[in-house]
Each structure stands twice: as structure tokens, then as C-alpha cells.
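For reference, the structure is listed below as C-alpha cells.
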Amino acid sequence: MVQEINKKLFNFIDHSPSGFHAVENLCAMLEDAGAERLSENRPWNLTPGKRYFVTRNGSSVLAFMVPQDYTGMLLVSAHSDSPTFRVKTGGEITVEKRYKKLNTEGYGGMILSTWFDRPLSLAGRAVVRTENGVETRLVHIDRDLLVIPSLAIHMSRGMDQKLNPQVDLLPLFGSADTDYKALIAEAAGAEKEDLLQSDVFLYPRQQCTVTGAAEEFILAPRLDDLQCAFAGMEAFLRAENPKKLTLCAVFDNEEVGSRTKQGADSTFLTDTVHRIMDALSIPETTWLQHMADSFMLSADNAHAVHPNYAGKCDETNRCYLNGGIVIKFSANQRYTTDAVSASVFAEICRRADVPVMYFHNRSDMPGGSTLGNIANAHLSLNTVDIGIPQLAMHSAVETAGAQDTAHMVNAMTAFFNTNLQMTEDGAYTF
Ligand code: ZN
């Protein structure tokens, strides 16, 4: 039986073929729960006890609940983007007057081989000309549209297996007379001549599903990091903390280094916190003082032990699917976790009955990085890097444990409800 929470997660992922759609669906979750949409280019009037949200670029969203009595901030961050291919401007290539294929470039570090021989389609946003200027519209071609055919084994014997995205990975779109621009314009509800530009990405048509003899696992595209983005928003909406500013941040562009106006390495979070403090007339010294009592969960999926490659994980720190929340350490601080932040979070999990595991990379593997240390450069607070254990990270379709979405939602809800305080000598009470 699929758990209720996974059903909700599946619905979210299946309807979020691009980061723009993911953010739109997170906004819909917020609006359904009565949260009010704010605009960065309008004044904000905030009422204690109410939830609000603001987006930037349509691909990042910050949701927050204004407390009755502000004594610090509890923040969860995740990311909305996943590795994929972006269609280039002038995206059509005709082959021998017979085929039309699309010209794409990679976005982030995907496992290239996983994109072959499966139905794909297109989603993203289009910018169209209007009477007075330009307007952005979401586009989603909701049908099996494209395929990247692999080369027959009889023709590839002896070939170098290293895949070249400009040569090997261009998707077949149709016959030579197929019109890509007309298709995108139609999806945007615009005339072809009014379509100015688009940020359109490939996505695998695979729907989320449950696998395993006892339905132990889930198989889905974009689990990194939509699983944490969903869990963060779900927990944010379940929790109510009268003393803390609770905040759920879902940033775009983590997969390409976060250095965009809407990424974790932007002013989006600090700008928003400044405006909240300003709207509540909280003096800067007061909010800086309470930064010491503030805490962040940087949530991005983690690596579980792979059944076929068990040696790829650290010898003594083993994480498994359905084992609970992964707390990630890195001596070089690619993850922000330290003994204090790990202990505080593990205690919150213990009280909420959520199991935790610990992740270190093998010492001969650099591993990845994530949001925590990047966001900390702008807004520095105690942070722990966590994630849901998964396999096949950055594959077109990834695998995770069926129990762990619920674990993450429960842990994050408990976190958001915590009255975390630091004493003068640096101890924590909660
Ligand atoms: Zn990630």
C-alpha cells in the first residue's frame, strides 16, 4: 500500500516536470493552506500568526510564518532544479531532409546514459510579446514527444563509450517538416511570431511508482531534490511555532552552483528576512541577537549504500534506504554540519521517533556539495546538512525508500515546532 504521504509526493513530482512547475505547485500548496502571496516589488504588510510566500524568477520560493513573539528563526532549505537538458535558441537540426532533432545543452551533472531510449517531453517557460511588453507563461507538452535513440550494438562495437552531449544525446523530435517553435508557441497560448524566448527543458515521462517485493522502494524522476522540497513545504504547513519565524526556502540552480539571482548564493533569503524584520519593526540589533538562536536544515538528498557497489561508501558510516534521515559530514566543510548542529538535530529526531544515520564520503572521494554552506555565506547560522537516502542520484529516474518521505516530514515538522534557545554559555535548550 502506498503511504498517503508518498501519494502526495508522487502527485507533486508527476506535475512538476520543470523547476518552474515545481515552484508553481509549492505555491499552490501554500495557497490551499491559506498563505498569502507577496511580491518583491510591492510593499509588505505582515500579520503575526499568518503564512506568506514570495517567489523570485518563478523558480525559487520562500515561505514563512510570522510568529507572535519573535525569538529567532527556524529555516529549512531545499532546491527546485534537477539535472536535465535545455533546448538551445534555434533549437532545431534537420538531418538529411528526413528527421528533425533538437539541439540541447546539459544543465547540471546528469548520468547521460540514463536518458536513452525512454519517452521524453518538454517543460519550462516561454516569454511572449504582449501589447505592452512581454509576459512569461509556463509551458508543458504533456505527452510522449521525444526520444534519444541509442546506437545499435552492431554499429557501436569498439567505439569509445564516453558520451558526448553534442553528438550522442540530441533527441529525435519528428520528421523534417516538424516545427518546434510553433509547438512551444501553441503550448504558451501565443502566436508563433509572438514567442520571443523560452527556457525549455527535457524531462523523462516516467511517472513515480513503487517497487520492491514488499513495496519498500519508490522509483521516480527528480527525487533529488523535489522529495526534500516537498517534505519541507509539507512540514512548514503542518507546524505552528508562536516564538520562531519559520521559513521554508526552495532555491533554483543548485545543480549549477547556485550563483544566480534566485539561487542560494543570492540575496533572496537575506532580502526577505530584512523585509520581514522591517515590516515587523524589529530593530536590526534584536534580529542579529536572535540569529544566535536560529537554526537551518539544509535538505538535499543523500547517497545510500548501493547493493551492487557497497564498497563505494565509507567503511563505518553506512546509510540505507528506509533507514531514516541522513546527517552529512565533511571535514572540509562542503557540508555545514558540526558536532553541535548534528547533536541538536539528532535530539529533535529522537524525540520525534525518527531514526537518523550519518554520512561521510570515503576519504578518497570528494563527493558533492549542497546549499548549506552557500546560504551560510549570506545568512550565517547554525546549520545541519541532511537528506533522504537514495540510489542513482542524477539518473533520469532515481530510487529511494518508501518510508523515508514520512521520516523527513516528521523530522522537519518537529524541527519547525521546536523552541530552540541558546544560553549565554552556548548550551542549547529546546
Ligand atoms: Zn540535490
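Numbering of ligands and ligand atoms starts at 1, following listing order. When reading the values below, keep in mind they use all heavy atoms of this one structure, side chains included, and skip hydrogens, waters and symmetry mates.
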### Query
Within less than 2.8 Å of the Zn ion (ligand 1), any N, O or S from His79?
yes

#### Entry: Residue Asp300 atom name (nearest to the Zn ion (ligand 1); N/O/S)
OD1

### Task
For the Zn ion (ligand 1), decide whether Asp224 has an N, O or S atom at a distance under 2.8 Å.
yes

### Query
Short check: any N/O/S atom of Asp225 below 2.8 Å from the Zn ion (ligand 1)?
no

### Query
Under the 6.0 Å and 45° cation-pi test, does Arg56 pair with Phe251?
no

### Query
What's the spacing between Arg137 CZ and Ser198 OG if we round to 0.5 Å?
13.5 Å

### Parallel, tilted or perpendicular, as decided by the 30° and 60° cut-offs, for the rings of Phe329 and Tyr358
tilted

### Distance-only side-chain donor-acceptor flag, Asn376 / Thr336, under 3.5 Å
no

